[in-house]
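The structure appears right after this line, and notes come after that.
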Amino acid sequence: MCRFLKHLKPLTVMTFAVFALPWRFTRGWVLCELCIYSGMAPPGLIYTSRADTGGIQETAQDDTVYVSRLYSESLLSKRNEVSLSAMCFLYQGIIAHFHKRSKTLQEFEGMLSEFGAKIGLRLLELLNFRSSISPTSASAASAANTARSNVYSSNISTPNLTKPSANSVAVRDSANLSDPQLDHSSSSMSAATPVTQEKRTSNTTANTASTVATGTTTPHNKNEYLSEHITKMKRRDLKILDILQFIHSTLWSYLFRHVSDDLVKSSERSNEFMIIDNNPILTQFINPSFNHNGSCDYFVCGIISGFLNNAGFPCDVTAHPVPQGEFERRTVFLIKFNDQVVERETLRYG
Amino acid sequence: MSIEAILIVNKSGGLIYHRDFNNKTSATHLNGNDYLILASTVHSVFAIASQVTPKALKLSPPKIDFTIPYHPYVGVPNPNSSNTSNRRTVSSQKLGSFKGPDFFNGPFTSWNKSGIRQLITDHFTMYIYQSLTGLKFVALGSSVAVLGKNAAVSNEVADNFLRKVYCVYSEYVMKDPFYSLEMPIKSKTFDQSVKSLVDNLL
Amino acid sequence: MTVYSFWIFDRHCNCVFDREWTIPSEARSGTLNSRQNDDTAKLLYGMLFSLQSITNKIADPAMGANNVQCITMGNFRVHAFKTASGLWFLLLTDFKQQNYSQVLQHLYSEVYVKYVVHNWLSPVDFAFTSDETQGQGFRKIHNRRFVAAVESVLQPMLV
């Protein structure tokens, strides 16, 4: 259903953690974040990796360069499912945390909204990037990805065939050979470099893995490879309707695997638009009661508002439950653009 | 087997949920207080039951298999039935976070090893299903389980059914951030799901 | 088809007879009216009494008397039979056989009535003074023929 955990790449998951977990854990997380940026990981730091987003892979005994899979993962989407129950329990924890820290309902809604805004801003970039990849080249890119993963698996199974080069020795010796995940990351490192040479060849022999690897390869190579597929970058949406259409279709299907149920322009006011969801997935188990009716939907509001605000459309987003017919949990996300946006639109587009 | 009432008793013996399903307005309709007493009595008797074990059992504990077999489609509409209205409801009905047409599809072990499981009286039968966390789900059935071959089967069907109530509980009650543990359940979605389970049982 | 024990409680909440077989296949094993079983007797009667009061509350009075017939536990089963005079006959068994109501009725009508009720020298009410009511009584049925008859009825079921 909702592929949150997988596709919210490391920084967003970290942000989740920073705000959702109690402070003594967040210090550890912040440390991790800083270390990732500086390219090294604190030795001996142990934490569990989340849902395949690739945390820092490490073994307690080793004391060497750690490879983060976070940056070597492709930005191209992969079909992955996260348990709805797990997501709901995590969301429940988030809500309980904010609920405890806020004194009024407005404050609570504001905190949830702010939390979602950080995700919205990242989704803006990610989804625009992904939508720029044309479908045919996208399939070529994913085919090459799977070919490379075949290389990894063959590398793991026949490690002695790999000709050690100076740096790859360092990486492999340090890596715990019995740990297949570490092997994976080191081999992904070694295969990532000679990208330019073996670009279009899906070469599954072990020799490809034996090409020169440097321990300090820039991990962005995989995505540079991906960006080579982009012939024409998607233009920034300048019209209100365009960006709202993008939210209604792409953003919603990214988050919830279906397009939103309706996109409506308010007839009364020119700056109000509504996106309607008949059954919000994240809050479907939360019992609506009169004193917090629909407050838990403010997280999705936050995602939308973060998305719009950073795309240059300053707005306020609120959630209103409007049950209709057989949809009892139908929610309307009311987007109220600032006056300057409407003015700008009428000036430019008449 | 039609269900007259469902009660949920928490681990301290307090009643956290009760619902009547029979439509007939009987003069003996119990008020809220009576149900509270009922719940606490069931809880305490449940606790005593383990101490009343006969000595023969204490000396040589028999190997009893606590696995309960799975009875398909208890409480959920059967997609294979020829009833066309059933098929439509099956496609539209989704079981929350449970994939597939039913909540579970295999046998399971009973966690109720020493407490009361079934009480048969002259006019009704009471089934108790206990979860691993000590939560007791009590169902009052209107028909008397005839002591014969089918008493065991009716016990198994009731266990399957009450386990599904437990699944629904873990969905709509446990995932609600505003629900405090061990408190009475006031959730409309939970009520609706339990009602649809009971309706589908007939 | 193993019978673990047999109990008779009267309307004063006293246990007037108990026979327990500790080794299942051995008919001569076990206890008869043992004082050590007093606690178990009280627990058992208390459980039965509570369940009966729940039953009375739930039941529709228009449908007549509603008595507990069978309680299934995790390991064993309790079969109960209540007479019009307020006597409870209890049989603790395993799961093999489902229905012991015939056995209990037979024990009441052919054994108890014959050897205790029709016996002029045996008290029918085992609480002689008011102190012995409400669970405080201690008199039991010691009638040899009664005990022998009970054992002859239940012995085939011990295995």
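By convention in this document, chain letters (A, B, ...) are assigned in the order of the sequence lines, proteins followed by strands, and residues within each chain are numbered from 1.
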Please classify the contact of B/Phe46 with chain C as side chain, backbone, both or neither, using a heavy-atom distance under 4.5 Å.
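Neither part.
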Heavy-atom contact with chain C under 4.5 Å, split by part of B/Ile37:
side chain
Could you check whether B/Lys188 pairs with B/Asp191 (Lys NZ or Arg NE/NH1/NH2 to Asp/Glu carboxylate O, under 4.0 Å)?
no
Lys/Arg-Asp/Glu bridge criterion (N-O < 4.0 Å) met for C/Lys114, C/Glu110
no
Considering only heavy atoms and a distance below 4.5 Å, find which of [options] pairs most often with chain C.
{"options": "B/Met126, B/Gln51, B/His123", "result": "B/His123"}
{"options": "B/Asn112, B/Ile48, B/Leu38, B/Val42", "result": "B/Leu38"}
{"options": "B/Asp122, B/Val52, B/Leu119", "result": "B/Asp122"}

[X] versus chain B, heavy atoms under 4.5 Å apart: side chain, backbone, both or neither?
{"X": "C/Asp94", "value": "neither"}
{"X": "C/Ala65", "value": "backbone"}
{"X": "C/Leu92", "value": "side chain"}

Do you see a donor-acceptor pair shorter than 3.5 Å between the side chains of [X] and [Y]?
{"X": "C/Ser50", "Y": "B/Thr41", "answer": "no"}
{"X": "C/Asn66", "Y": "B/Thr121", "answer": "yes"}
{"X": "B/Gln118", "Y": "B/Thr125", "answer": "no"}

Flag, side chain of C/Asn14 to backbone of C/Val16, donor-acceptor distance under 3.5 Å:
no
Among C/Leu51, C/Ile23, C/Thr40, which residue has the highest count of heavy-atom pairs closer than 4.5 Å to chain B?
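Greatest number of close heavy-atom pairs with chain B: C/Leu51.
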Distance to the ring centre below 6.0 angstrom and angle to the axis at most 45 degrees; does that hold for B/Lys55 and C/Tyr4?
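Cation-pi check for B/Lys55 and C/Tyr4: fails.
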